[in-house]
Amino acid sequence: MTIENITVVGAGVMGRGIAYVSAHAGIRTTLVDISEEQLRSALNELTRLAEKAVTLNKLSESAANELFSKLHTSLDLVNAVSDTDLVIEAVPEKRALKKHVLETVDQHAPSDIVIASNTSTISPTELGSYTKRPEKVAAMHFFNPVHRMKLVEIVKGLETSRETVQIIREVAERMNKETVEVNEFPGFVTSRISAMVGNEAFYMLQEGVASAEDIDKAIKLGLNYPMGPLELGDLVGLDTRLNNLKYLHETLGEKFRPAPLLEQYVKAGRLGRKTGRGVYDYSTDGEVVKK
Ligand SMILES: NC(=O)c1ccc[n+]([C@@H]2O[C@H](COP(=O)([O-])OP(=O)(O)OC[C@H]3O[C@@H](n4cnc5c(N)ncnc54)[C@H](O)[C@@H]3O)[C@@H](O)[C@H]2O)c1
């Protein structure tokens with residue numbers, strides 16, 4: 001089956017990035033959200049991204065025009081999925097919400113198409129059970145920022161067919177990504193490690209082991225990570241990080257108990273770059289202004 005149309009559900013941090021690489025791959029892409037504001041903000045951000053790529057000679061003017069001719073937005077999920085070749089779900093990491101969205105997609109999308117989820121942690125078997133086509137459901141886990149990060153983790157559920165894995169792999173390759181195939185375990189490979197390190201950094205911040213800057217600097221320069229765990233948390237979104245940790249705590253046990261300081265930041269609305277403030281302050285053009 002040739003994939004010519006992709007519907008991405010959720011236009012947040014990840015969905016907009018996935019829509020960008022999908023349209024860039026020449027695939028007609030519809031980005032769906034319940035919020036008009038999110039769709040507007042996604043288009044603004046993607047326009048800035050493409051303009052920057054053109055300035056840096058990474059994208060030609062005509063390729064940028066072609067990209068935006070392939071990219072559409074919609075507030076109507078039912079209509080968007082009724083004629084599509086692949087759905088990639090990227091709504092927040094909340095099981096009840098994913099269940100609702102996947103049930104709706106399953107009901108209205110053609111019965112032979114694959115439904116992929118960008119979940120960071122949730123079992124693809126469980127996601128598949130929300131549909132009547134579990135063999136056509138898998139996790140297709142992109143990384144942030146999507147246009148720059150090379151990896152897509154493909155995570156199989158109990159019923160996921162070889163054909164489904166193959167379809168997802170081919171689409172990921174068209175988007176210029178490398179893939180790894182992972183068996184189902186909560187948090188897969190990457191989210192499990194990332195959540196553990198990020199949570200530990202929050203415990204250290206809470207205990208006063210070092211300042212946020214010095215924790216990040218130590219991990220970058222001492223352990224050769226490209227980003228510190230606290231700045232990465234701000235990029236991911238602290239609410240997303242907390243949701244991931246809650247799920248891993250529930251499924252894998254005590255070692256994933258979320259740091260109280262992280263819970264406090266989320267309660268205060270300090271969600272990271274997307275709200276202008278997390279561990280660091282980004283109130284001036286997304287740059288760190290105060291640490
Ligand atoms: N943020 C990351 O770095 C990252 C990395 C990999 C995977 N993920 C996963 O990707 C998924 C999305 O995360 P995010 O960070 O993009 O979240 P986000 O909060 O930035 O965006 C989620 C979007 O979904 C929309 N939405 C909510 N309910 C909806 C519905 N019923 N129908 C359509 N849209 C709806 C919201 O309006 C919002 O725009 C989560 O499963 C998360 O675990 C996140």
Side-chain angles (χ1 to χ4, degrees), residues 1-12 14-33 39 42-43 45-47 49-50 53 58-91 101-102 104-119 124 127-128 131-143 146-147 149-156 160-179 181:
M1 178 181 191
T2 320
I3 305 294
E4 281 162 3
N5 291 284
I6 291 183
T7 304
V8 180
V9 188
M14 295 304 288
R16 58 186 66 179
I18 297 168
Y20 183 88
V21 294
S22 172
H24 192 213
I27 304 168
R28 188 176 191 283
T29 305
T30 307
L31 180 59
V32 180
D33 207 287
L39 289 176
L43 276 184
E45 190 182 333
L46 298 184
T47 305
L49 189 63
K58 290 187 174 160
L59 188 71
S60 70
E61 194 95 41
S62 64
N65 291 338
E66 178 70 15
L67 189 162
F68 283 100
S69 75
K70 299 275 181 193
L71 184 61
H72 307 269
T73 58
S74 173
L75 289 165
D76 185 347
L77 177 63
V78 168
N79 188 43
V81 298
S82 66
D83 182 19
T84 193
D85 303 327
L86 174 70
V87 174
I88 304 175
E89 168 276 307
V91 300
V101 168
L102 292 179
T104 310
V105 170
D106 186 45
Q107 206 182 333
H108 297 280
S111 60
D112 58 341
I113 70 153
V114 167
I115 305 174
S117 171
N118 187 48
T119 180
L127 296 175
T131 74
K132 295 193 172 65
R133 61 181 98 187
E135 74 288 358
K136 295 188 182 300
V137 175
M140 182 178 191
H141 185 210
F142 290 83
F143 295 82
V146 180
H147 66 285
M149 300 297 284
K150 280 301 287 179
L151 186 67
V152 168
E153 250 178 334
I154 304 173
V155 190
K156 297 168 290 183
T160 308
S161 69
R162 286 308 314 159
E163 195 196 354
T164 297
V165 170
Q166 196 49 32
I167 288 171
I168 293 177
R169 176 177 292 119
E170 281 172 23
V171 168
E173 285 169 359
R174 283 169 71 190
M175 294 172 176
N176 205 18
K177 303 295 179 201
E178 298 276 338
T179 59
E181 207 176 303

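Start at 1 with the first residue, then count along the sequence.
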A.B. asks: According to side-chain hydrogen bond (donor to acceptor under 3.5 Å, both in side chains), does anything in residues 64-90 pair up with another residue at least two apart or in another chain? List the pairs.
C.D. replies: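 Those involving residues 64-90 are Thr7-Thr84, Glu89-Lys98, Glu89-Ser117.
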A.B. asks: For residues Thr30 and Asn5, determine if any side-chain heavy atom of one lies less than 4.5 Å from a side-chain heavy atom of the other.
C.D. replies: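 SC-SC contact between Thr30 and Asn5 ruled out.
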A.B. asks: For Gln166, check side chain to side chain contact (heavy atoms under 4.5 Å, CB included) against everything at least two apart and list the hits.
C.D. replies: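 Scan of Gln166 (side chain to side chain contact (heavy atoms under 4.5 Å, CB included), adjacent residues dropped) gives Arg169, Glu170.
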A.B. asks: Among all residues two or more places apart in sequence or in another chain, which pass the side chain to side chain donor-acceptor pair (under 3.5 Å) test with Ser22?
C.D. replies: Thr29
A.B. asks: State whether the side chain of Arg174 and the backbone N or O of Ile3 hold a donor-acceptor pair below 3.5 Å, judged by distance alone.
C.D. replies: yes
A.B. asks: Suppose we screen for salt bridge (Lys or Arg N to Asp or Glu O under 4.0 Å). Which residues come up paired with Lys156, at least two apart in sequence or across chains?
C.D. replies: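 Listed in chain order: Glu181.
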A.B. asks: Going by side-chain hydrogen bond (donor to acceptor under 3.5 Å, both in side chains), name the pairs with one or both residues in residues 131-143, residues two or more places apart or in two chains.
C.D. replies: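 Qualifying pairs, neighbours excluded: Asp106-Arg133, His141-Glu153.
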A.B. asks: Please report the closest heavy-atom contact between Gly10 and Leu31, naming both atoms and the distance.
C.D. replies: O-CD1, 3.6 Å
A.B. asks: Sequence neighbours excluded, which residues qualify as side chain to side chain donor-acceptor pair (under 3.5 Å) partners of Ser62?
C.D. replies: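 Side chain to side chain donor-acceptor pair (under 3.5 Å) check on Ser62 returns Ser60.
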A.B. asks: Which is it for Met175 and Val146 under the side chain to side chain contact (heavy atoms under 4.5 Å, CB included) test, yes or no, and what are the steps along the way?
C.D. replies: CA-CA 10 Å; Met175 294 172 176; Val146 180; over 6 Å; no
A.B. asks: What pairs with Glu4 under side chain to side chain donor-acceptor pair (under 3.5 Å), at least two apart in sequence or on another chain?
C.D. replies: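 With sequence neighbours excluded, Glu4 shows a side chain to side chain donor-acceptor pair (under 3.5 Å) to no residue whatsoever.
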A.B. asks: Could you check whether any side-chain heavy atom of Val87 comes within less than 4.5 Å of a side-chain heavy atom of Val9, counting everything from C-beta outward?
C.D. replies: yes
A.B. asks: Measuring from atom CD1 of Ile18 to atom CD1 of Ile88, what distance do you get when rounded to the nearest 0.5 angstrom?
C.D. replies: 5.5 Å
A.B. asks: Can you name the nearest heavy-atom pair linking Phe142 to Met14, along with the distance?
C.D. replies: O-CE, 3.4 Å
A.B. asks: Among residues at least two apart in sequence or on other chains, which ones pass side chain to side chain donor-acceptor pair (under 3.5 Å) with Thr104?
C.D. replies: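 If we apply the side chain to side chain donor-acceptor pair (under 3.5 Å) test to Thr104, skipping adjacent residues, there are no hits.
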A.B. asks: Just jot down the side chain to side chain contact (heavy atoms under 4.5 Å, CB included) partners of Leu46, sequence neighbours excluded, or say none.
C.D. replies: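 Arg16, Tyr20, Leu49, Phe68, Leu71.
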A.B. asks: If the condition is side chain to side chain contact (heavy atoms under 4.5 Å, CB included), which residues does Ala172 pass it with, not counting sequence neighbours?
C.D. replies: Met140, Val152, Lys177, Thr179
A.B. asks: Over all heavy atoms of both residues, which pair between Val21 and His147 is shortest? Give the atoms and the distance, please.
C.D. replies: CG1-CA, 3.7 Å
A.B. asks: Closest approach of Ala11 and Leu39, non-hydrogen atoms and distance?
C.D. replies: CB-CD2, 3.8 Å
A.B. asks: Which residues pass the side chain to side chain contact (heavy atoms under 4.5 Å, CB included) test with Ala138, not counting sequence neighbours?
C.D. replies: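 In terms of side chain to side chain contact (heavy atoms under 4.5 Å, CB included), with neighbours along the sequence ignored, Ala138 is linked to Thr160, Thr164, Ile168.
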